[in-house]
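One structure is given here, and the rest of the page talks about it.
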Amino acid sequence: MTDTDKREEVRVRFAPSPTGYLHLGGARTALYNWLWARKTGGVFILRIEDTDVERSTRESVQEILDGLTWLGLDWDEGPHFQSHNLERHVEAARKLLESGHAYRCFCTREELEAQREEAEARKIAFMYNGRCRDLSQDEIDRRLEEGQPYVIRFRVPRSPLSTVVFEDAVFGRMEKRGQDIEDFVIVRSDGRPLYILSNAVDDFLDDITHVIRGADGIANTPKQILIYQALGWKPPVFAHMPLTLDSKKAKLSKRKHGEVVTIAYYRRHGFLPWALCNFLALLGWSSPDGTEFFSRDELIRTFDLSRINRSNSIFNYVPGDPKNWTDPKAIHFNATYIRTMPVEELAPYVEEELKEAGLWKQEYEGEKRGWFLATVDLIRARFHTLKDFSSRGRCYFSQEFEYEEAAVKKNLSKEPRLRVYLPDLAQRLERVESFGSSAIEEVFRSYAEEKEVKAGLLINAARTAVSGTSVGPGLFEMLETIGQEEVTRRLRGAISLIPSSEN
RNA sequence: GUCCCCAUCGUCUAGCCCGGCCUAGGACACCGGCCUUUCACGCCGGCGACAGGGGUUCGAAUCCCCUUGGGGACGCCA
């Protein structure tokens, strides 16, 4: 462990605003916080920052909860709702006002807007000019009496030497001169506190020890530290994670990239939740020995804030590429997990998928449990997502499946004699006492010899006849799995796909 | 425009803090080959990067400076 976790109990939080979907960036932030909490034996808090009433929705809250639950990122406290703490935020603002760390600003939106535009036009940086910073008490009282609306601004120390310094757990020592920070607004003219204040107050109230968030929060950090200091609170450790950008180096957003950046999308497209987590963990973090695949416990053990990267990473998704419908490495992680995890652990996911596709049979958890597991094990090596079990794997679970045109053309329609061979094989297979792969193989091999044809011809034809495709596991295992009765039925049925020799 | 941050294969990255072990390692993707009844898997091999320029040093991917490029923040949003 690093020196960032000296305190007794680590307390971290994931604090999304419920204004949209849970997306990859948010999930990664949640994951890093969760990992840090689990690693240190600390507490992971979920806080919904819903103070933007115009944009916050209940559906979004539910989506976030569902997404985190699906990913397996369980939280220990919450969800807390920021809006429930409004009085505490206002109270903090009042204290800041009383102690002189904040002041009332009577400048109107229109005035500020005009100043902003002018600055823009003259291509100079806009920063609030501090006009209300030193209003006399009489002046303030007079304006209050007149009922003039005001916002509350934080009085940023203006001495030329004043600097806010903090040690970021990822970026190291960070410094910001007071003169480069404007007197930021902490309370709106309608009395509602702003994020910058609410967030800091909530972190204090929740006893947050480590703020692990996206690097877009860096600019807020000096301001929030100022708030902490003015209130006499000890600031938490900040750890800013690099951002994840798209292939054009723009920030990932649902608006711009659509579903592909949402967690729900991966769930719908047959991702294993942990495969996604594992992939996400590696976007901006790496293990000391280069290991890439981790179980939960291994990742928890290995994860460390000090190994978080400082440079942004790119989510390598290229729109319009059907093969790479998301980052290829993400697909690779999913496929590898599907192929290598214990089949018993994979089974529940396949079950869910088959149920959704209407292919699930009750007996798969009863007398055919063994068959089900063996079949999943047989076919999974070629699959990339859970969806493949109900699409490409359909012929194992249903009597109804599609014949691929290309496969039929390649393996069936070229050879008219298959109209004889296939029923012959069916007849012989029917007579096999114990329908196992070696007995099946024997039937094929001897028949091929007898008819003086290549075994491959029969094998490929049979593959297409029973599965509709030209690819798949070894034929004999495949036939064994599909079963004697069904195999012979399909072999006979397939002759309708073979043209007779006259044609 | 101002402030801040970042910079190694197409992508994710190791190495950088504590210069030499780096003719820069791994992973994904891609391309070959082997295996094979097909497709995968697996194995073997290939392609492919220290942004540029100055320093410092016997020696720089590693330290310093500049340039360039990229990103972020500049709201009475969060």
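The analysis underlying the following values was restricted to heavy atoms, covering all of them including side chains, and did not include hydrogens, waters or symmetry mates. Numbered from 1 within each chain, the chains take letters A, B, ... in sequence-line order.
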Q) Distance between the C1' atoms of C4(B) and G45(B), in whole angstroms? A) 46 Å

Q | Salt-bridge present (D206(A), R47(A); N to O < 4.0 Å) | A | yes

Can you name the atoms? Protein N/O to nucleotides 60-69 of chain B N/O, anything below 3.5 Å, with the distance.
none

(Q) Under a 4.0 Å threshold between the charged nitrogen and the carboxylate oxygen, would R382(A) count as salt-bridged to D388(A)? (A) no

Q | Cationic N near anionic O, under 4.0 Å, R445(A) to E441(A) | A | yes

Q. Does a distance-only test, which skips hydrogens and angles, find a donor-acceptor pair under 3.5 Å between the side chain of S189(A) and the base of C76(B)?
A. yes

Q: Sticking with atom C1', work out how far C65(B) lies from C77(B), rounded to a whole angstrom.
A: 39 Å

Q) R310(A) near the nucleic acid: base, sugar-phosphate alone, or nothing, with a heavy-atom cut-off under 4.0 Å? A) sugar-phosphate

Q) Any side-chain donor-acceptor pair under 3.5 Å between E353(A) and S390(A)? A) yes

Q | Distance, P atom - from G46(B) to U67(B), rounded to whole angstrom | A | 41 Å

Q) Which part of the nucleic acid does A219(A) contact within heavy-atom distance under 4.0 Å: base, sugar-phosphate only, or nothing? A) sugar-phosphate

Q: Select base, sugar-phosphate, or nothing to describe what G284(A) touches, counting heavy atoms under 4.0 Å on all strands.
A: sugar-phosphate

